[in-house]
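Worksheet for the structure shown next.
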Number of protein chains: 2
Amino acid sequence: MYTIGQVSEMFNLPISTLRYYDKEGLFPGIERQSGIRKFSERELEALRVIECLKKSGLEIKDIKQFMAWCVEGASTYPNRKKLFETRKAIVEAEMVKLQKTLDMLKFKCWYYETAIRDGNEERLNEMAPDRFPKEIQELYDNAHS
Amino acid sequence: MYTIGQVSEMFNLPISTLRYYDKEGLFPGIERQSGIRKFSERELEALRVIECLKKSGLEIKDIKQFMAWCVEGASTYPNRKKLFETRKAIVEAEMVKLQKTLDMLKFKCWYYETAIRDGNEERLNEMAPDRFPKEIQELYDNAHS
DNA sequence: CATTGACATGAAGTTAGGTTTAGGTGTTAC
DNA sequence: GTAACACCTAAACCTAACTTCATGTCAATG
């Protein structure tokens, strides 16, 4: 059993955030001893799932729904499975987009290295994309597709 | 040359967003014909960079700074190069985190598939992580590291 | 020549996800 | 017995990035 301060340290989250999550119903049935929250292993696992679902782009109110399903029991296994499958697909799509962003950034790094070497962008701006070095062209193509 | 409506279609962005970006100084020196914005290839490339930098987590005010550097000329190449290198490092770190999130989601998908087959979570909750199937254990380990 | 549709403006409104503030309780240390 | 801490609440506040609103201009169409 942990206090809110200990959990705050463990997860590197402000105490105010943990209280906010609790107020939003993200720790249904959390125990209290004379008003003070007692975080058990159940709440720590909830917090791991909260961070994961948040990172997947899920809103707090929908995370609350998930936590309610957990309380409801075995009848909601299909809902919970479907939720994770949807989030998985969304994050996979997000990874593809982020890879494009990364390729654009890498291209721009090369672009400015070259501009610095040349002293200007003239040669670069007159160069057709198919005359970039092969690996740079791949970055450019992925970033612009 | 394109109107704001055409650019809105091309980039799938609301017109209000394009006007907001202009107001924030993200299209320095955009041309106007009797009050109406004329988007040239320069503004389209700016927009591509805006989307890329935004996705990398950069704030509008810092994107504005970048656009100001572009106007300033060759003396700011080092600043611009450094900006892209920093964003690149940030996005690479983000990709690692997102992969962990994805592994957690995949683990949870397996977890609920198994719970549905078992009809309950009892066996799962008593199972030590090192008794999960090998590929599941890898997901679990990466997600919890 | 009036209506439609695309453009323009400044100012106010919206939203999510917290954070801060003001005031209070309870336990341990000196 | 008082000072320092860690905890508590409700309510107000904050921020970024848009979005909506009220109002107006202008060109082409029926």
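- Taking side-chain N and O atoms only, B:Arg37 has no distance below 4.0 Å to OP1 or OP2 of C:dC7.
- Taking atom CZ of residue B:Arg19 and atom P of nucleotide C:dT9, one finds them 7 Å apart after rounding to whole Å.
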- Task: Would you check, one step at a time, whether the test side chain to side chain contact (heavy atoms under 4.5 Å, CB included) holds for A:Arg48 with B:His144?
- Result: CA-CA 9 Å; A:Arg48 275 174 221 120; B:His144 288 76; 3.8 Å; yes
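- One interatomic measurement links the two molecules: CD of A:Glu31 to P of D:dC8, which rounds to 14 Å at whole-angstrom precision.
- Separating the CG atom of B:Leu18 from the C1' atom of C:dA6 is a distance of 14 Å, rounded to the nearest angstrom.
- Note: CZ (A:Arg32) to P (C:dT25) measures 16 Å, nearest angstrom.
- Note on B:Phe27 and B:Leu44: same hydrophobic cluster, where clusters join Ile, Leu, Val, Met, Phe, Trp and Tyr whose side-chain heavy atoms are under 4.5 Å apart, directly or indirectly.
- No side-chain N or O of A:Asn142 forms a donor-acceptor pair with one of A:Glu138 less than 3.5 Å apart.
- One can place CD1 of B:Ile15 at 8 Å from C1' of C:dA6, the figure rounded to the nearest angstrom.
- In this structure, the NZ atom of B:Lys64 is 13 Å from the P atom of D:dA16, given to the nearest Å.
- At whole-Å resolution of the value, CG in B:Leu13 and P in D:dT19 are 9 Å apart.
- The hydrophobic clustering, which links ILVMFWY residues whose side-chain heavy atoms are closer than 4.5 Å, places B:Met10 and B:Leu18 together.
- Distances were taken from every side-chain heavy atom of A:Thr3 (C-beta onward) to each of D:dC8, D:dC7, C:dA8; the shortest belongs to D:dC7.
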- Task: Check step by step if salt bridge (Lys or Arg N to Asp or Glu O under 4.0 Å) holds for B:Lys81 and B:Glu85.
- Result: CA-CA 6 Å; B:Lys81 175 167 174 277; B:Glu85 275 163 357; 3.2 Å; yes
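- Each of B:Leu13 and B:Ile36 belongs to its own hydrophobic cluster when Ile, Leu, Val, Met, Phe, Trp and Tyr are linked at side-chain heavy-atom distances under 4.5 angstrom.
- One interatomic measurement links the two molecules: CD1 of A:Ile4 to C1' of D:dC5, which rounds to 15 Å at whole-angstrom precision.
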- Letter by letter from the 5' end, nucleotides 16-24 of chain C scores (B base, S sugar-phosphate only, - none; protein heavy atoms under 4.0 Å) -BBBB----
